[in-house]
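See below for the structure under consideration.
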Amino acid sequence: MKSRADLLEQWHDHLAFGLRRSPHTVRAYGDAARRFLEWLGDEVDWRRVAGTKAADMRRYLAMRRGDGLSNASAARELSALKALIKFALAQSGNEDLAPPRLRGPRVAKGLPRAVTPDEAVNLAETAAEFADEDWIGARDRAVLLLLYGAGLRIDEALSLDCGIMPMGEAITVTGKGRKQRVVPVLPLVRQAVEDYLARQPWPAGARDPLFRGAKGGRLSQGMVQKATARARAALGLPPSATPHALRHSFATHLLAAGTDLRSLQELLGHASLGSTQIYTKVDAAILLDVYRDAHPRERDD
């Protein structure tokens, strides 16, 4: 029987090298696995993990909630646990089976807000976890990272063809009114797209769609929205965390980092500066939230 450390190492390698998940996800899912394996006891193997029932998961999450875990954190813990059990099923020769169905805790709905950088990455990683096939998971991850990392509209991302490959430090995007603009591409986003293309089974000629559906046609917005909704529920994010919200988050974070409105207008492809100015209000709202959280008198009230 393998030791608990052996199982954790195998799980880490699966996440980091098999699925190529981000360091943040590898760390978070690794911590969740360590806690769960410790809870199961000293003598544990993949068959034991694969045999986890819904009642076991409820007891474990109840124990974690007793440690002060919030609803949102409990939802993330459940997502990690389901991924671990799915891996255990494959390791024990039962890859056709699925982890027990268990709803995550309800998360209170708040005001619409931009997702944080960590939430954006987690949304993409979790969407990949829920995909039926490996290449589809890589595709969903690449699309969502592109929306957040480059601030694209969803239709702009899905209209891209393979002719933009190999992707450099920037790509040319055709937006509303057939107007073109150049947007920078982060290394993380570029690597995600390259990883997806290496896994997908379809031709990749210059005029072929970059992002394809399961049957080979151009990927639809509905499928991206469906994958996002599933990941959003697993992570306990609010309904406002949509594919389009990733573009808003891109703009909000750039503005908060000091990007001027004219530059932001060009990056987003807005026809008028007025459309871009809405992000000054969003940024001000974020600063107000930070102030309220940090100011001792505001906390006491």
Side-chain angles (χ1 to χ4, degrees), residues 1-107 118-119 121-138 140-141 195 199 227 230-237:
M1 179 178 291
K2 293 183 178 180
S3 68
R4 187 186 300 132
D6 291 333
L7 299 186
L8 289 173
E9 181 178 3
Q10 196 174 352
W11 175 235
H12 173 278
D13 290 348
H14 170 68
L15 292 170
F17 307 118
L19 299 180
R20 299 184 186 181
R21 296 297 181 243
S22 71
H24 176 89
T25 298
V26 173
R27 183 173 60 253
Y29 276 37
D31 288 344
R34 174 184 51 76
R35 288 188 293 266
F36 184 65
L37 294 181
E38 289 174 352
W39 181 78
L40 287 178
D42 293 331
E43 295 187 3
V44 62
D45 58 13
W46 288 127
R47 284 189 178 277
R48 172 72 179 88
V49 179
T52 301
K53 307 298 183 186
D56 300 322
M57 297 166 71
R58 290 191 189 94
R59 284 196 297 271
Y60 171 72
L61 289 174
M63 181 273 294
R64 291 284 292 135
R65 294 301 296 271
D67 294 336
L69 207 64
S70 68
N71 278 7
S73 296
R76 288 191 291 270
E77 189 95 353
L78 178 59
S79 178
L81 184 56
K82 286 180 177 178
L84 177 68
I85 296 171
K86 180 180 178 180
F87 178 69
L89 286 165
Q91 295 304 303
S92 57
N94 295 300
E95 58 272 6
D96 293 335
L97 299 180
R101 290 183 176 274
L102 189 65
R103 286 183 177 273
R106 290 183 178 273
V107 179
D118 274 353
E119 287 171 341
V121 173
N122 281 341
L123 196 65
E125 302 286 2
T126 304
E129 291 284 354
F130 278 107
D132 294 331
E133 296 184 51
D134 179 67
W135 75 268
I136 292 178
D140 292 345
R141 177 174 180 264
D195 177 55
R199 296 170 186 251
R230 194 161 46 183
R232 179 178 67 223
L235 292 171
L237 295 176

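Both backbone and side-chain heavy atoms feed into the values below; hydrogens, waters and symmetry mates do not. The model shown is predicted, which means the values in this text are computed figures rather than measured ones.
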Nearest atoms (heavy-atom pairs only) where L81 meets Y60
CD2-CD2, 4.0 Å

Specify the closest pair of heavy atoms between L97 and L89, including all atoms of both residues, with the distance to one decimal.
O-CD1, 3.6 Å

Quick one: CD on E125 to CG on L19, what's the gap to the nearest 0.5 Å?
9.0 Å

How far apart are the closest heavy atoms of P100 and K53, and which atoms are they?
CG-C, 3.9 Å

If you take all heavy atoms of A88 and A50, which pair is closest and at what distance?
CB-N, 3.7 Å

Strictly distance-based, threshold 3.5 Å: is any side-chain N or O of D6 a donor or acceptor partner for the main-chain N or O of S3?
yes

Value for CD1 (I85) from CG (D56), rounded to nearest 0.5 Å, stands at 8.5 Å

Quick check: does any side chain N or O of D45 sit under 3.5 Å from a backbone N or O of R48, one acting as donor and the other as acceptor?
yes

Keeping the roles fixed (side chain from T52, backbone from V49), state whether a donor-acceptor pair exists under 3.5 Å.
yes

Nearest-0.5 Å distance that lies between atom CZ in F130 and atom NZ in K86
9.0 Å

Do you know which two heavy atoms are closest between A231 and L123, and how far apart they sit?
CB-O, 3.6 Å

Approximate separation, where rounding is to 0.5 Å, of N122 CG and Y29 OH:
7.5 Å

Inter-residue atom distance M57.CE - L78.CG, 0.5 Å rounding
5.0 Å

Testing the basics here: between A32 and A80, what is the closest heavy-atom pair and its distance to 0.1 Å?
CB-CB, 3.7 Å

Worked verdict on R199 versus D134 for side chain to side chain contact (heavy atoms under 4.5 Å, CB included)
CA-CA 8 Å; R199 296 170 186 251; D134 179 67; 2.4 Å; yes

Drop me the distance from R141's CZ to D195's CG, to the nearest 0.5 angstrom.
6.5 Å

Salt bridge R35-E77, side-chain N to carboxylate O under 4.0 Å
yes

State, yes or no, whether a side-chain contact exists between Q91 and Q10 at a heavy-atom distance under 4.5 Å.
yes

Got D31 and F36 here, is their nearest side-chain heavy-atom distance under 4.5 Å?
no

